[in-house]
Amino acid sequence: MYQKFETTSFSQFRQQYFNNLREQSCLLAALEELCGGWTQETLKSILQKLTKKNQAPLPLFFDSSQAMDSISNKKQALATVFQQFDSRGIGRIDATELFSVMLLLSTGEISQIFYNIAVIFGSDKTNHITSDEFFFFIDCLFRGISKVLICKGENKPIGLNKRLNDQDINKFMQQIFKGQQKVNKDELYASVKQSQQLFEFIEYISTSMQASMEYTRQQSLLMMKITMEVKKLMAQMLAQIDGTAKK
């Protein structure tokens, strides 16, 4: 049987994750490998490729890791990420969950991230994002982070298949949209700040994700440097041994 989502309140999400993510590396390792070095511009270029330069809609799901080849050529990382997001065992993953997580972990200012959220999840035909569209993004985001975030004292994500309840999302929409149906895409950042708890939560998650990505990048660079130094030392030792043997 397929696993069902566990509907959770915002206070429970906040208690589990806010100021409680593992230090240094708080993300699924395969996701860090897959998205290493990404900026907001990198993500936008990948999404452009997926939509054939906006000639086609973004995919709503992927039914295999091979279907995700346009995202990266890191096949093993893609396979692991696909398996993690297919936590309900249905043989496909919700692409919008993955995109919402990628938006927060790709390097960029929080204001730029909110603008890109509005561009990607809002209608292409207008300069606005509606409350329904942002509701959808929040639903996707909370489902997505439950699959990839690692808390203090843990070695892997433990909150799989959780989603934020509709009542809390609707409360946030009222705080953000103030009874209006839509806001300008470049005003979404300022509008979300009116919902202080939601804004603080998203900002903390994004900052922690980006710090995790940078830590992993620095560790990879360090390992490359150590490997090069070891190879250099071994070459010197072999040259000395060869010189001694010839004498």
Side-chain angles (χ1 to χ4, degrees), residues 3-18 40 43-44 47 50-51 54 57-62 85 87-88 90 92-106 108 110-149 159-209:
Q3 296 184 38
K4 294 182 178 180
F5 281 109
E6 176 190 348
T7 303
T8 305
S9 70
F10 178 73
S11 62
Q12 290 172 311
F13 263 104
R14 183 181 173 88
Q15 183 177 11
Q16 180 170 355
Y17 295 114
F18 192 69
Q40 291 293 308
L43 177 59
K44 285 169 66 176
L47 297 181
L50 284 168
T51 60
N54 295 326
L58 274 172
L60 295 178
F61 67 90
F62 295 112
F85 273 79
S87 56
R88 297 169 61 212
I90 60 176
R92 67 177 184 270
I93 68 171
D94 188 327
T96 54
E97 290 180 8
L98 181 61
F99 297 149
S100 65
V101 168
M102 288 175 166
L103 273 162
L104 264 62
L105 64 79
S106 298
I110 191 68
S111 56
Q112 182 186 15
I113 291 171
F114 275 107
Y115 179 75
N116 287 339
I117 289 168
V119 170
I120 293 166
F121 282 82
S123 172
D124 289 336
K125 297 179 181 179
T126 71
N127 192 40
H128 301 91
I129 182 169
T130 68
S131 59
D132 287 344
E133 289 165 342
F134 194 61
F135 183 111
F136 179 62
F137 166 76
I138 293 298
D139 182 37
C140 295
L141 176 64
F142 278 77
R143 283 186 276 124
I145 63 175
S146 75
K147 294 177 171 67
V148 301
L149 289 179
L160 302 183
N161 301 322
K162 288 188 176 182
R163 74 187 310 166
L164 186 57
N165 66 46
D166 289 354
Q167 293 88 345
D168 281 341
I169 303 180
N170 277 319
K171 181 184 71 175
F172 293 138
M173 296 306 105
Q174 292 169 10
Q175 294 170 349
I176 295 165
F177 289 86
K178 305 291 187 185
Q180 302 297 313
Q181 292 297 313
K182 57 189 178 182
V183 297
N184 288 339
K185 290 178 178 177
D186 56 5
E187 295 175 355
L188 180 62
Y189 167 67
S191 298
V192 177
K193 288 186 76 173
Q194 296 178 100
S195 181
Q196 185 176 357
Q197 281 196 327
L198 179 63
F199 178 82
E200 287 178 349
F201 184 82
I202 293 176
E203 184 178 41
Y204 167 71
I205 296 299
S206 179
T207 301
S208 299
M209 284 181 169

Please report the shortest heavy-atom distance between F85 and K147, naming the atom on each side. O-CE, 3.3 Å
Are V101 and M209 side-chain neighbours, meaning at least one heavy-atom pair lies under 4.5 Å? yes
Can you tell if the side chain of Q194 reaches within under 4.5 Å of the side chain of Q175, non-hydrogen atoms only? no
Aromatic contact, F18 with F13 (centres under 6.0 Å): no
Minimum-distance pair of heavy atoms, taken over all atoms of A95 and F62: CB-CE1, 3.6 Å
CE of M173 to OG of S191: how many Å apart, nearest 0.5 Å? 11.0 Å
Near-ring test F5/F142, centroid separation under 6.0 angstrom: no
Extract all donor-acceptor atom pairs below 3.5 Å that involve side chains of residues 110-122 and protein atoms in other chains or at least two apart in sequence.
{"unit_1": "N116", "atom_1": "ND2", "unit_2": "Q40", "atom_2": "OE1", "d": "2.8"}

Exercise: identify the closest heavy-atom pair between V192 and I176: CA-CG1, 3.9 Å
The reported gap from CG in N170 to OG in S131 (rounded to nearest 0.5 angstrom) is 9.0 Å
Between F135 and D166, is any pair of side-chain heavy atoms under 4.5 Å apart? yes
One should read off an interatomic distance between K182 NZ and E133 CD, to the nearest 0.5 angstrom, of 10.0 Å
So do the side chains of V148 and L105 get within less than 4.5 Å of each other, counting heavy atoms only? no
Do F201 and I145 have side-chain heavy atoms sitting under 4.5 Å apart? yes
CD of E97 to CE of M102: how many Å apart, nearest 0.5 Å? 12.0 Å
Hey, does L149 have a side-chain heavy atom less than 4.5 Å from the side chain of Q16? no
What about F137 and F134, are their ring centers closer than 6.0 Å? yes
Should we say atom CD of Q15 is surrounded by more than 12 heavy atoms from elsewhere, each under 6.0 Å from it? no
Quick check: do L164 and D139 have side-chain heavy atoms less than 4.5 Å from each other? no
At their closest point, which heavy atom of P59 faces which heavy atom of F99, and how far apart are they? O-CE1, 3.7 Å
Any non-hydrogen side-chain atom of L50 less than 4.5 Å from a side-chain atom of L47? yes
Examine the side chains of K162 and Q12 and answer whether a donor and an acceptor come within less than 3.5 Å of each other. no
For N161 against S87, the heavy-atom pair lying closest together: OD1-OG, 2.5 Å
Starting at CZ of R143, measure out to CG of L141 and round the result to the nearest 0.5 Å. 10.0 Å
Distance-minimising heavy-atom pair for N165 and D168: OD1-N, 2.7 Å
Is the NZ or CZ atom of R14 both under 6.0 Å from the centre of the six-membered ring of F10 and within 45° of that ring's axis? no
How long is the span from the OG1 atom in T130 to the CZ atom in F136, to the nearest 0.5 Å? 11.5 Å
